[in-house]
Every structure is written in C-alpha cells, then in structure tokens.
Amino acid sequence: MSELKIPKHIAIIMDGNGRWADKRFLPKKAGHRKGADVLENILRCSNKFGVKYLSAYAFSTENWNRPQDEVNDLMDLLDNYLDRYIEKCDENGLKIKCIGDISKLSDALQKKILKLEALTEKKNGLNFIIALNYGARDEIFRAVKKILNMVLDKKILPNEITKSIFESCLDTKNIPDPDLLIRTGGEMRISNFLLWQCAYTEFYFCDKFWPDFNENDLEDAIKNFSMRQRRFGSR
Ligand code: FPP
C-alpha cells in the first residue's frame, strides 16, 4: 500500500444490506447488523491504510419513510453501536462526530451521541463521521437559515457572507471534503449524501453488497483512486 495515494477522507454509502439478507432468507435486520460489523472492520482497515477521515451514511432523512419496524431496528442498532463505542473509546482512539439533524432522534440517543462526541473529542486517531438523520439538502437548508439569522441578529452584513462562512455553517465544519466516495450495492447515485462537499470527490461504485465488503475491496477502491488524475477544474 505504501506506493499508493491514500485518500485523506473516504465517504461511504453502505448500500445492499437488505438484498444481502434477502439472498440468505434472513430478516433485513440481520443485514443491517452485519453491515454494522463490516463498518467496524472497515474503520480498522482505513486506519491501518492511513486514511484520516471516514464518513458513513448510517441513516438518511429519507430513511424515516421505511417500514416502522425497520426504522426501529436501525435505531436499536444505533443505540447498541453507540454503547459499544462509548465502552471502547479509550481502546480504538477514534474521534467521533455525528452529522445530520440529530434533534429528531430520541432524547436517549441524542444524549449518547453527545457523550460519545465529548469523550472522543481529544482523540487523535481516525476521525469517524456518522451521518444520522442526514440529508445534504436539509444540511444546506439549515446552513442558509443559520446565515439568515446571523444577518437578522446583525452579526454579519449580507455582503460579508463568504464561502468559508457558509461552509462553517454546514454540519461538516472543519472536516475536509471527501477525496473518495465509495457506494456499494450496485447503484450509481449519490442519494443526497454530502452534495456540497463532493464537488470534486472521486466516485467509486462497487457491485458487492455492503455486508460483503472487506479489506480487499477497500484496497481495490484505494488503488482505483490512486490511478485517477485530479485536476479540480484546472488543466
Ligand atoms: C442501505 O441498505 C443501508 C442503510 C439504510 C443503513 C445503513 C446502516 C448500517 C450499515 C448499519 C450501521 C450503522 C450504524 C451506525 C448503526 P438497504 O437496506 O437500502 O439495502 P437494499 O438496497 O439492499 O435494500
């Protein structure tokens, strides 16, 4: 791996949990559970490869439209996941941040998220960004409202608004844009994930279902990224 260009920030759309479970005549919940384990492994591998930021699309603003049972299962899974990460936070060195509008999650989940963020704030391992009730359009909309309130409160004049002030109102404040976005599950779309931040991101689509994604697949994605010539709009 040493000769490869390692992306500083990888964003992942973990698609295919349901189809993975269907193929095995398992409930969808089993697919999400396996998906959560795979995410843990991919975090470890990313850290090993020298990736500094990993963003995972765990629950979108649109996912509320899934059957109530599935939403409940995902919330339970998240609850367990947070507990596990609170327990292990001294061991893995991860710095964890959630993006998205967490105010729509239960009070108990919100408390655990804030606790985990505070507990890992000073860690210097991999930055793990979990997108929860996240939608890029919602994020941009909330950022616009924040700026409008700053103007109304006379903290800033309209002609003083800059791109960097706008970016500081996004949930990803202080997080560099993703270099590589990986989507598993065979679909080739971005599904409202990090729309602003992915302006110059390299996309990598993989047919495997997320629960089957492993270290070799991550390495393949990084190798593929390594061969790309990034010009950011210049020649
Ligand atoms: C898409 O698969 C996946 C999701 C909507 C949820 C992703 C969540 C996890 C991998 C769980 C781990 C994360 C945390 C932090 C709890 P799908 O169900 O749309 O798959 P399908 O397209 O095959 O139906």
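Just so you know, these numbers use all the heavy atoms, side chains as well, and skip hydrogens, waters and symmetry mates. Both counts, for ligands and for their atoms, begin at 1 and track the order of listing.
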Under 4.0 Å between a side-chain nitrogen and a carboxylate oxygen: does that hold for [X] and [Y]?
{"X": "R230", "Y": "E202", "value": "yes"}
{"X": "R33", "Y": "D73", "value": "no"}
{"X": "E40", "Y": "R84", "value": "yes"}

Just to confirm my output: which protein heavy-atom neighbour is closest to [atom], and how far is it?
{"atom": "atom 1 (C) of ligand 1", "answer": "M14 O, 3.3 Å"}
{"atom": "atom 10 (C) of ligand 1", "answer": "N17 ND2, 3.3 Å"}
{"atom": "atom 14 (C) of ligand 1", "answer": "A58 CB, 4.0 Å"}
{"atom": "atom 4 (C) of ligand 1", "answer": "H32 CE1, 3.9 Å"}

- Return yes when atom NZ of K29 has more than 12 non-hydrogen atoms of other residues, nucleotides or ligands closer than 6.0 Å, and no otherwise. no
- Item | Atom NZ of K8 with >12 non-hydrogen neighbours under 6.0 angstrom | no
Is there a nitrogen or oxygen of [X] sitting under 3.5 Å from a nitrogen or oxygen of ligand 1?
{"X": "D15", "value": "yes"}
{"X": "G18", "value": "yes"}
{"X": "G35", "value": "no"}

List ligand 1 atoms under 4.0 Å from [X], heavy atoms only on the residue side.
{"X": "Y81", "result": "15 (C)"}
{"X": "K28", "result": "18 (O), 24 (O)"}
{"X": "N63", "result": "5 (C)"}

- Item | Under 3.5 Å: donor-acceptor pair, side chain of N192, backbone of A136 | yes
- Message: As a check for students: among G186, G185, G31, A36, identify the option with a heavy atom nearest to atom 12 (C) of ligand 1.
- Response: A36
- Query: Which residue from R19, R66, E70 reaches closest to atom 19 (O) of ligand 1 through any of its heavy atoms?
  - Reply: R66
- Message: Looking only at the side chains, is there a donor atom on one of W196 and E139 sitting less than 3.5 Å from an acceptor on the other?
- Response: no
- Query: Just checking, is any N or O donor in the side chain of D179 or H9 under 3.5 Å from an acceptor N or O on the other one?
  - Reply: no
- Is the NZ or CZ atom of K163 positioned over F166's six-membered ring, under 6.0 angstrom from the centre and within 45° of the axis? no
- Can you find a non-hydrogen atom of E187 under 4.0 Å from ligand 1? no
